[in-house]
Amino acid sequence: MRIVFLACLVVVFAGCSQTTSARHLPFAAQAFAPERHGSGYQLLYSFKGSPDGASPIGGTLVTLHGWLYGTTAYGGANTFGTVYRVSTAGAENVLYSFQRSPDGWYPLAPLLDVDGTIYGTTNGGSPYNEGTVFKITPSGAESVVLGFYDLAQGAEPWAGLISHKGKLYGTTTLGGAGFGNVFETSTSGDEKVLYEFKNEPDGQQPSAPLTYFNGSFYGTTYAGGSGSCSGGCGTVYRITRTGAESVLHSFTGTPDGATPGLSGLIAYHGVLYGTTRSGGSHNAGAVFEITPAGQERILYNFQGPPDGQKPDATLLAYRGNLYGTTTVGGSGCGCGTVFSLTTSGTELVSGV
């Protein structure tokens, strides 16, 4: 089952596109020279599809050697996505254009810098068409670290990787019985499946990145669990480095939220925070907190326009507040919001 998301990259790049399918995103507009606008905003670069790429939905950019590095899900020389870099002056280079096989296609997740080498995932492609873990140098030398080839190993990673004690950790939306895996791999591609999801009660489709906190990994599943939603409302889970998994919370839809999307959890002052893209008291999504012991509390229920709706991105903690975005909602065209929220649950919409 494919997951459908709305994605925007804001501030550095202009443009927003709604997806009708995970693998059918529209190409972006023509290229521009850097432009300065009011309030300190600067447009550095606009993608034009070919040969430079389109739909940079991978989120946070890696900063390395004075450049910003990221991915586009589409475009490039072969239409299967790119790894690019852009300077703060607006100079852009395509480091690599994916070819589908054997290297992968549709890189959807943020990149990871490990000691000067950049790692990432592709949602499809490789010799087996089930996705890859790849690495690329700042000069553009790319190689496949791991090619997913069957459900036992895992397939179709949506999320990015995290690094811990020399290993890379990630999730696949399919795997095992078809409900997704948590995996560990060395930087040379020696993979170990840590856990296979079973749908109930543990969840299915772990599409968000892992978070390492207090000696364990934490994450969310998009669906599954023991909630009453059709197909399950999703879960928050914990997993150890040896693969011992436990469900901290199963969402119920109303009033506590449902379907955590691509957004990962963040750890802040000993508590984990995250978002659900649906559910809550208005079925418009919610912001929640959860302790490592599994005590969950809804901080805020989105209400839809003129409030936000469907928060998909990972939260940011800054000076005692939480910041995030919603993909739709707000005033005017309903094109989404930027919001701030206190850890006690008071919300202020920062921009629409």
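The chain is numbered in sequence order, starting from 1.
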Discussion item. So K310 and V328, do their side chains get closer than 4.5 Å, heavy atoms only?
Written reply: yes
Discussion item. Under 3.5 Å, is there a donor on one side chain and an acceptor on the other for T82 and S97?
Written reply: no
Worksheet item: Are D256 and F288 side-chain neighbours, meaning at least one heavy-atom pair lies under 4.5 Å?
Response: no
Discussion item. Would you say Y45 ends up clustered with Y84 if hydrophobic residues are merged whenever their side chains have heavy atoms under 4.5 Å apart, either directly or through other cluster members?
Written reply: yes
Discussion item. Set out, in order, the CA-CA distance, both residues' side-chain angles and the distance that settles side chain to side chain contact (heavy atoms under 4.5 Å, CB included) for Y74 and T79, then state yes or no.
Written reply: CA-CA 5 Å; Y74 291 85; T79 75; over 6 Å; no
Worksheet item: What is the distance from atom CG of L315 to atom CG of N321, rounded to the nearest 0.5 Å?
Response: 11.5 Å
Worksheet item: Do L322 and Y273 pass the side chain to side chain contact (heavy atoms under 4.5 Å, CB included) test, and can you show the C-alpha distance, the side-chain angles, and the key distance before you say yes or no?
Response: CA-CA 9 Å; L322 304 173; Y273 295 90; 3.6 Å; yes
Fill in: Hydrophobic cluster membership, V247 vs V182, 4.5 Å side-chain cutoff
no
Practice prompt. Ignoring hydrogens and angles, tell me if any N or O in the side chain of S278 forms a donor-acceptor pair with the backbone of A258 under 3.5 Å.
Written response: yes
Fill in: Side chain N301, main chain S281, donor-acceptor under 3.5 Å
yes
Worksheet item: Is any side-chain heavy atom of H249 closer than 4.5 Å to a side-chain heavy atom of Q295?
Response: no
Discussion item. Please find the pair of heavy atoms, one from P292 and one from F213, that lie closest to each other, and give the distance.
Written reply: CG-CE2, 3.5 Å
Item to complete: Measure the spacing between CG of L112 and CD1 of I118 and express it to the nearest 0.5 Å.
Response: 9.5 Å
Worksheet item: Is the closest side-chain heavy-atom distance between E156 and E130 below 4.5 Å?
Response: yes
Fill in: Side chain N283, main chain G280, donor-acceptor under 3.5 Å
no
Worksheet entry | Euclidean distance, I239 CD1 relative to S246 OG, rounded to 0.5 Å | 9.0 Å
Worksheet item: With a 4.5 Å heavy-atom cut-off, do T343 and Y268 have their side chains touching?
Response: yes
Item to complete: Without swapping roles, check the side chain of T326 against the backbone of T337 for a donor-acceptor pair under 3.5 Å.
Response: yes
Item to complete: Tell me whether the centres of the aromatic rings in F339 and Y300 are closer together than 6.0 Å.
Response: no
Fill in: With N93 via side-chain hydrogen bond (donor to acceptor under 3.5 Å, both in side chains) - residues at least two apart
R85
Worksheet item: Is there a side-chain contact between L151 and Q153 (heavy atoms, below 4.5 Å)?
Response: no
Fill in: Y69/I136 under side chain to side chain contact (heavy atoms under 4.5 Å, CB included): CA gap, chis, key distance, verdict
CA-CA 11 Å; Y69 291 78; I136 187 167; over 6 Å; no
Worksheet item: Once the angle between the rings of F217 and Y169 is folded into 0 to 90°, is it parallel (under 30°), tilted (30 to 60°) or perpendicular (over 60°)?
Response: tilted
Practice prompt. Test side-chain hydrogen bond (donor to acceptor under 3.5 Å, both in side chains) on T314 and S263 and set out the steps.
Written response: CA-CA 4 Å; T314 301; S263 60; 5.4 Å; no
Worksheet item: Once you round to the nearest 0.5 Å, how far does OG of S186 lie from NZ of K192?
Response: 11.0 Å
Fill in: Non-hydrogen atoms of P209 and A159 that approach each other most closely
N-CB, 3.4 Å
Worksheet item: Should L95 and L64 be regarded as members of a common hydrophobic cluster, given that ILVMFWY residues are connected when their side-chain heavy atoms come within less than 4.5 Å of each other, either directly or indirectly?
Response: yes
Discussion item. How close do P260 and C233 get, counting heavy atoms only, and between which atoms?
Written reply: CD-O, 3.8 Å
Fill in: Test side-chain hydrogen bond (donor to acceptor under 3.5 Å, both in side chains) applied to T259 and T276, step by step
CA-CA 5 Å; T259 58; T276 66; over 6 Å; no
Worksheet item: Do the side chains of Y106 and Y96 join up, straight or via other hydrophobic residues, at under 4.5 Å, putting them in one cluster?
Response: yes
Response to the item:
When every non-hydrogen atom of P138 is compared with those of G116, the smallest separation belongs to CD-O, 3.4 Å
Item to complete: Measure across D307 and Q303 and return the closest heavy-atom pair with its distance rounded to 0.1 Å.
Response: OD2-N, 3.0 Å
Worksheet item: Nearest 0.5 Å, what's the CG-NZ distance between L161 and K167?
Response: 14.0 Å
Worksheet item: What's the verdict on side chain to side chain contact (heavy atoms under 4.5 Å, CB included) for S207 and T173, showing C-alpha distance, side-chain angles and the deciding distance?
Response: CA-CA 6 Å; S207 53; T173 57; 4.0 Å; yes
Worksheet, complete the sentence: In terms of heavy-atom contacts, P206 and G180 come closest through CD-CA, 3.8 Å
Fill in: Side-chain touch L146/T132, heavy atoms, less than 4.5 angstrom
no
Worksheet item: So Y195 and F183, ring-ring contact (aromatic ring centres under 6.0 Å, His included) or not? Walk me through it.
Response: CA-CA 7 Å; Y195 187 75; F183 68 90; over 10 Å; no
Worksheet item: Yes or no on side-chain hydrogen bond (donor to acceptor under 3.5 Å, both in side chains) for T235 and S250, after CA distance, side-chain angles and deciding distance?
Response: CA-CA 4 Å; T235 67; S250 282; 5.9 Å; no
Worksheet item: Between Y237 and F197, is a ring-ring contact (aromatic ring centres under 6.0 Å, His included) present by the stated rule, with each step listed?
Response: CA-CA 11 Å; Y237 64 89; F197 288 92; 5.0 Å; yes
Discussion item. Aromatic contact between F134 and F98, with the criterion being ring centroids under 6.0 Å apart: yes or no?
Written reply: yes
Discussion item. With side-chain hydrogen bond (donor to acceptor under 3.5 Å, both in side chains) as the criterion, how do T72 and S55 come out once you've worked through the C-alpha distance, each side chain's angles and the decisive distance to 0.1 Å?
Written reply: CA-CA 5 Å; T72 65; S55 299; over 6 Å; no
Practice prompt. Treat each ILVMFWY residue as a node, draw an edge where side-chain heavy atoms are under 4.5 Å apart, and state whether L272 and V287 are in one component.
Written response: no
Fill in: Rounded distance [0.5 Å steps], OG1 in T171 versus CG in N181
9.5 Å
Worksheet item: Heavy-atom distance under 4.5 Å between the side chains of L168 and V114, does that happen here?
Response: yes
